[in-house]
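Take a look at the structure set out below.
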Amino acid sequence: MPRYWLFKSEPECFSYEALENAPNRRTGWDGVRNYQARNFLRDDVKYGDGVIYYHSNAEPPGIAGIAVVVEESHPDPTQFDPKQDHYDPESDPNAPTWVQVTVEAVAPVTPEVGLPAMRKNSKLEGLELLRTGSRLSVHPVSPEHWREMLKMAGFTEDPHAKWLEKHGLDTAAKPAASKPAASKLPASKSTAKAAISAAKPAAAKKPVKTVAKASVKVDVSKAKANVKSPAKAKPASKSAAPVKKSRTGGK
DNA sequence: GCCAACGTTGGC
DNA sequence: GCCAACGTTGGC
C-alpha cells in the first residue's frame with residue numbers, strides 16, 4: 001500500500017491556504033466523482049499517509065503544500081445534498097457511491113514547486129501527474145518521488161515524518177521500495193479501461209448523474225463556458241474560506 | 001481561449 | 001460489446 005499520495009485541488013475551489021484556515025486545519029476531501037480516484041480513497045488511503053497538495057488549473061499549477069490523512073474513507077456528504085455541485089441523486093444513502101477522507105495541513109510549500117520544474121526533473125519520471133493526458137485527481141506517489149518533491153520544495157526534513165512521530169506513529173517501518181502506486185495504475189490506456197470497468201462493480205451505482213452534476217457546479221464558479229471547474233472537489237462544506245466549488249477531483 | 005486527452009453516455 | 005458523440009480536465 002502506498003504511503004504517499006498526490007491530491008489535486010483547484011485553488012479557486014479550495015487552496016492549500018484554505019486548508020490551513022479551515023477548522024482544525026482539516027477538511028473532508030469531498031467531490032471526487034471519478035471511480036479510479038474514489039477507489040484509491042475508499043480502499044488504499046490510510047490514516048497517517050502523506051499527501052502532496054497540488055494546485056491544478058492554477059497559474060501556475062504546482063505543489064502548494066503537504067498534508068496528512070487523519071480520517072479514512074467515509075461517505076462524502078455532498079453526494080446527498082441537492083445544493084451541492086457534486087450532488088448525486090442516484091447515490092443510495094444505504095450504500096453511498098462516493099467517499100471522502102479527511103486531511104490535515106502539515107506544511108506549506110513556499111514558493112510552490114511549479115509543474116514546469118517538475119517536468120524538467122528526471123528523478124520524477126514515472127510520476128502519474130506528469131504522464132501525458134493524466135487527469136487522475138488522487139493517485140499514489142512512490143517514496144522516491146515523495147522525497148524528490150520535498151527536496152524541490154526545499155525541505156531538509158520530512159514534515160510528514162515529523163507529524164507521524166509527534167502522533168506516535170511508527171516511522172520505522174521503512175517504505176522500502178515497495179512500489180505501491182505504480183502497481184495500481186494502469187500501464188496503458190487499454191489497461192486503464194479495464195481498471196475502470198473493474199472499479200465500477202464495486203460501486204454498485206451508476207455514475208450517470210454525476211456528470212450532469214459536474215457541469216452544474218461549474219457554472220457556479222466560472223462563468224465561462226463550459227469550462228471547467230476546478231479540479232478539486234473540495235469545497236464544500238466547510239467554508240472557512242471563500243470557497244468556490246469544484247468538480248471532481250477531490251476537493 | 002484553445003485544444004489534446006480522456007471518461008461517460010447511449011444507440012445499435 | 002462497439003463506438004460515435006458529447007462533456008470534462010487541465011495545461012498552455
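Each chain gets a letter, A, B and so on, in the order its sequence line appears, and its residues count up from 1.
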Round to the nearest Å and state the distance from [X] atom [atom1] to [N] atom [atom2].
| X | N | atom1 | atom2 | result |
| --- | --- | --- | --- | --- |
| Glu12(A) | dG10(C) | CD | C1' | 13 Å |
| Leu136(A) | dA5(B) | CG | P | 18 Å |
| Leu6(A) | dT9(C) | CG | C1' | 15 Å |
| Leu115(A) | dG11(C) | CG | P | 6 Å |
| Leu129(A) | dA5(B) | CG | P | 17 Å |
| Glu128(A) | dG11(C) | CD | P | 13 Å |
| Ile63(A) | dG10(C) | CD1 | C1' | 16 Å |
| His139(A) | dG7(B) | NE2 | P | 14 Å |

Problem set entry | Candidate nucleotides dG11(C), dG7(B), dT8(B), ranked by approach to the side chain of Ser56(A) - the nearest |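 The nucleotide sitting nearest to the side chain is dG11(C).
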Phosphate OP1/OP2 of [N]: any [X] side-chain N/O under 4.0 Å:
| X | N | result |
| --- | --- | --- |
| Arg131(A) | dC6(B) | yes |
| Tyr35(A) | dC6(B) | no |
| Arg119(A) | dC12(C) | yes |
| Lys8(A) | dT9(C) | no |

Problem set entry | Note: Glu104(A)-Arg26(A) ion pair, threshold 4.0 Å (strictly below) |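 Yes, this pair counts.
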For this session: Inspect the contact between Lys162(A) and Glu165(A) and indicate whether a charged nitrogen and a carboxylate oxygen are less than 4.0 angstrom apart.
Result: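 No, this pair does not count.
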For this session: Quick one: do Leu169(A) and Tyr47(A) satisfy side-chain contact (heavy atoms from CB on, under 4.5 Å)? Show the steps, please.
Result: CA-CA 10 Å; Leu169(A) 295 184; Tyr47(A) 175 74; 3.6 Å; yes
Exercise. Does the side chain of Arg135(A) pick up a donor-acceptor pair with the side chain of Ser56(A) at under 3.5 Å?
Worked result: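 Looking only at side-chain atoms, Ser56(A) and Arg135(A) do not form any donor-acceptor pair under 3.5 Å.
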